[in-house]
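Comments concern the structure below.
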Amino acid sequence: MSYPFSEIEERWQRYWQENGTFRTDVHDTSRPKCFVLDMFPYPSGDGLHVGHPEGYTATDIVARYRRHCGYNVLHPMGWDAFGLPAEQYAMKTNVHPSVTTERNIGNFRRQLRSLGFSYDWDREVNTTDPSYYRWTQWIFLTLYNAWYDTRVQKARAIDTLVQEFATSGCAALGTPANYEGPEWGFDAAAWNAMSALDQQQVLTNFRLVFEHEIPVNWCEGLGSVLANEEVDEWVKKGYSVERRPMRQWMMRITAYSERLLAGLETLNWPASTVDMQRNWIGKSEGAEITFVSEAGISLSVFTTRPDTLFGVTFMTLAPEHAAVDELATPGQRAAVDQYRRQTSFKSERDRQADTEKTGVWTGSYAINPASGERVPVWIGDYVLAGYGTGAVMGVPAHDERDFAFAETFGLPVLPVIAPDPASPEYQGVLAGGQCYTDAGTMINSGAFDGMHSEEAKWKIVESLGAAARRTVKYKQRDWLFSRQRYWGEPIPIVKYDSGLVMPLEMSELPLVLPEMAEFKPSGSTESPLALATEWLNVEHPVYGHGRRETNTMPQWAGSCWYYLRFLDPANTETVVTHDLERHWLPVDLYIGGAEHGVLHLLYARFWHKALFDLGYLSTDEPFRRLVHQGLILGEDSQKMSKSRGNSVNPDAVVAEYGADAMRLFEMFMGPLEMTKPWSTKGVEGLRRFLNRVWRMVVGDEEAEVAALVTDRAMTLDEERMLHTTIQKVTEDIEALRFNTAISALMVFVNEFINVAEKPRAAMEAFVRLLSPFAPHIAEELWSRLGHGGGVANQPWPEFDPGKITVDEVEIVLQVNSRIKAKTVVPAGTEANELERLALEHDSVRYLIAGKTVRKVIAVKDKLVNVIAS
RNA sequence: GCCCGGAUGGCGAAAUGGCAGACGCAUCAGACUUAAAAUCUGAAGCUGCGUAAGCAGCGUGCGGGUUCAAGUCCCGCUCCGGGUACCA
């Protein structure tokens, strides 16, 4: 029969809540701290799926274990609740997203509680709560009011820049990349004479948050911009998506590219995630080389292969490149315009999906600064406007893409790097019929001929003087931070009719979302907030009439910093108190899905570093140790989905098998990081294990526990069993190997269940070992063993290495590396003694009779291998 | 294409270079039961030989290598999963 899990689980959940068992006193610094964090969920209408509790159980085990070990543990939970589903539901039904959100959160909270997670629910945060997003907006403005000073490689308050301009002009600063505004090079007097609007425009080039016009995926039918990854989905549904330049709020994450890259070295993260972030940032070292057109227009290209410069046979510019208008000759103008129009209708994704090369000639030529050769200037959509300079030098002999382009349009191929003459591609490359991208020996390159290409690379750059300079580029782009949506944090900015753009004062936060009757798209390129007339329009005593920013923040915003707020969730004075962040950060263990490996984790690192620079935080990385839980598949080993009908509802599992069995099964399935299929039979097996645990301590009948558990001393074997289990479980939890920890607990039970009188010390230690995994039954057993006060705060059992020693060990006897016999010897018998025993052993003697012993390998406590022939 | 990760019984899996398959699921046999379920006890990698205890051989995706000894280390592949993709 089954132990009464539903009654027990409910009782102890109530006990923990009523006694505040897991309430954390964050000001208690007398004990070592441990911050154990889950990626908080988006509370969808579907409720939890079995994937959520996997990571949550893992962190809960660690949190409970650390408490047993005497740590002050912070283990919080909250809701990442802004997002599209609630808004779409609102569009259909006019039910306010906050209503849906609240309902869903209620359901999630109930489900999480039912699994017995030891969260400090007093710290719960909700990204859609104005008291929370007040601080999201505060961070937005703090970054808005900051700039990145490359001279000291850190963010500083924008005031310091204004100060610098006002006293010494811009002389000490380099021209910002893609600078837009009044002519650069102003002195203090010129700055002070500038209009407020001009000053504003200059500062926009520096702020960590800025508005910028960039091409976006605009979907007319939805009345919104789509992220690149959303485009396919909506096109399939029959919507059309076009590329359209729009003014968007951006965050200057690229200022941090180098530091985001460098910081990766210091983290205890999965190597795959570190790689993904590294690739995403995409640092490449190369040179910017200036070509000049015959009409005198400068065309700068970025290349990582300056060694191939003599092999340039054409140039290709992105269709959007600013110089295209000037370069297009009258004869080619029509074709150029036509091609540019055509590409503007393609989404970035389509453009990249098409591997067929397209393009047109502008009619112009440019001069190769190294060889003086004249090369035609083309435009082609394989060149991206947003990377490097938006222009490439075409070297078909040594670049696959250029080769394909040259083939399509019949452009010449000029090899300048020869592979090893012995290699099979040598002839083809020299004949210009094959592309060769590796290093080799320089040819057709004037003074550089005969040099190794790696050596020539930077020598060529040097030789060009002002026409070339070494530089580093990053693939990473700035972060597009606007969404044309209602259900997100309002951006706390007002645009006045004069053109002035003014942030709200910090004291005016939170800027609360207006109540609205309808949630339909606005009909323009603005969010539905454009229809909230009263909220929208602002009258200012000095600036006059203004309109609020109607874009809202992306869903990533709230999740960028929630780990900070958990430290100090109710603080109305500051985002987080210094003492608390200094004591509690960084997060010691962060568990969540690998799908957040780049975006969330990169954005959060960025904000953290910026707040660190500005003096609000004391660490420059937020998450010390990161682990991704693996995907849980359906019973059919397919991805769980409603349409497949293979999804599993945690509520049903808890009702039928209990939370403890569910927790144990989720951890027992296999290694945490691995993908693995669900198995209902497997859950049953874990419940069976708990039944056995119950029977081991409490017995079958409602008899006295005392009859079963006595104060007798343990035998040596029992002590060995107990301490082996303590050691295994402890080591496995530390290494997050929960599956093998559980199997050690099973071995213990298999050993003790049939012992007539159970030694109390062993049972009590076992219950404490079990409690992180199956806390409800552990509490119940602890109390039945005669203890009040709960097991959750009991000290972890101590491991005594002296108790696991053995007197005798079994030695394997091999002849010619095959196992032929076994023998028992005293533990620690020396190798030479083992060798002697082996050679005297009957089976061994029989097998080597008549042969010569060539070699004997003896390993203490393990084996003897006799090699004979 | 590129970057990760994986491949071990019927299934999920375990194994500091030293007895492959711990633990669990499913299976089979036995006990309890009028019976079933539950529970308990036990068996079991595969193949061949043997009435049997047992004996022999083969076994960790494939092919090589290092080693007294390889699931584990090295070289070369295959398949599966995830991410990413004209980034100059």
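Throughout, a chain's letter reflects where its sequence line sits, starting with A, and its residues are numbered from 1.
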Measure from CE on A/M276 to C1' on B/G83 and round the result to the nearest Å. 5 Å

B/G1 pairs with, by Watson-Crick or G-U criteria that keep both distances under 3.5 Å: B/U84

Could you give the CD-to-C1' distance, from A/E673 to B/G5, as a whole number of Å? 11 Å

Test your reading of the model: is there a side-chain donor-acceptor pair from A/Y339 to the backbone of A/G380, 3.5 Å cut-off? no

Whichever of A/K473 and A/W280 has the more 5' nearest nucleotide on RNA chain B, that residue is A/W280

Rounded distance in Å between the C1' positions of B/A20 and B/C46: 14 Å

B/U39 to B/C55 separation - P atoms, rounded to the nearest Å: 36 Å

Return the nucleotide paired to B/C79: Watson-Crick means purine N1 to pyrimidine N3 with N6-O4 or O6-N4, wobble means G-U with N1-O2 and O6-N3, both under 3.5 Å. B/G6

Could you tell me which nucleotide pairs with B/C58 by Watson-Crick or G-U wobble geometry, both distances under 3.5 Å, or answer none if nothing does? B/G45

Report yes if the side chains of A/P396 and A/F314 come closer than 4.5 Å at any heavy-atom pair, otherwise no. yes

Roughly how far apart, to the nearest Å, are B/C62 and B/G71 at atom C1'? 15 Å

Rounded to whole Å, OH of A/Y657 lies from C1' of B/C25 at a distance of 12 Å

Is A/K639 touching bases, backbone alone, or none of the nucleic acid, heavy atoms closer than 4.0 Å? sugar-phosphate

Write down the distance separating the C1' atoms in B/A70 and B/A15, rounded off to the nearest Å. 13 Å

Rounded to the nearest 0.5 angstrom, the CD-NZ distance for A/E285 and A/K473 is 12.5 Å

Separation of A/R695 atom CZ from B/U39 atom P, in whole Å? 9 Å

Select base, sugar-phosphate, or nothing to describe what A/N754 touches, counting heavy atoms under 4.0 Å on all strands. sugar-phosphate

First encountered from the 5' end of RNA chain B, between A/I753 and A/L631: A/I753

Are A/R687 and A/E684 ion-paired here, with the side-chain N under 4.0 Å from a carboxylate O? no

Please confirm whether the backbone N or O of A/Y387 pairs with a side-chain atom of A/K475, one donor and one acceptor, at under 3.5 Å? no

Rounded to whole angstrom units, what separation is found between the OH atom of A/Y3 and the P atom of B/U39? 14 Å

Given atom OH of A/Y387 and atom P of B/A85, what is their separation to the nearest angstrom? 14 Å

Mark up nucleotides 13-24 of chain B, 5' to 3', with B wherever a protein heavy atom is under 4.0 angstrom from a base atom, S wherever such an atom reaches only the sugar-phosphate, and - elsewhere. SS-B-BBS-BBS

Give me the distance, rounded to whole Å, that separates B/U27 from B/A38 when you measure between the P atoms they each carry. 10 Å

Between A/H628 (NE2) and B/C4 (C1'), how many Å, whole number? 11 Å

Under 4.0 angstrom, heavy atoms only, what part of the nucleic acid is A/S284 near: base, sugar-phosphate, or nothing? sugar-phosphate

Donor-acceptor pair, side chain of A/R470 and main chain of A/G286, under 3.5 angstrom: no

Which whole number of Å gives the distance between the C1' atom of B/G9 and that of B/A22? 14 Å

Whether the side chain of A/D732 engages the backbone of A/F738 through a donor-acceptor N/O pair (distance < 3.5 Å, no angle test) should be reported. no

Can you check whether A/K855 has a side-chain N or O nearer than 4.0 Å to OP1 or OP2 of B/A69? no

Under a 4.0 Å threshold between the charged nitrogen and the carboxylate oxygen, would A/E666 count as salt-bridged to A/K676? no

Under a 3.5 Å limit on both distances, the Watson-Crick or wobble mate of B/C40 is B/G30

For atom P, what is the distance between B/G64 and B/G59, given to the nearest Å? 12 Å

Looking at A/H398 and A/V416, would you say the former's side chain and the latter's main chain have a donor-acceptor pair under 3.5 Å? yes

Heavy-atom count around A/R278 CZ within 6.0 Å, excluding the residue itself: above 12? yes

Whole angstrom is fine here: how far is it from NZ in A/K357 over to C1' in B/A88? 11 Å

For A/K862, is there an ion pair with A/E810 - N to carboxylate O distance below 4.0 angstrom? no

Output for pair (A/I281 CD1, A/Y474 OH), nearest 0.5 Å, gives 8.5 Å

Detail all sub-3.5 Å separations between protein N/O atoms and N/O atoms belonging to nucleotides 29-32 of chain B.
none

Checking understanding here: a glycosidic angle within 90° of 0 is syn, the rest anti, so what is B/G9? syn

Heavy-atom donor-acceptor pair, A/N268 side chain to A/L626 backbone, under 3.5 Å: no

Under 3.5 Å, which N/O atoms of the protein pair with N/O atoms of nucleotides 53-57 of chain B?
none

Any side-chain to backbone donor/acceptor pair from A/Q277 onto A/G597? Under 3.5 Å, distance only. yes

Considering only atom P, compute the distance from B/A69 to B/C58 and round it to an integer number of Å. 15 Å

Complement of B/C73, any strand, by Watson-Crick or G-U distances under 3.5 angstrom: B/G65

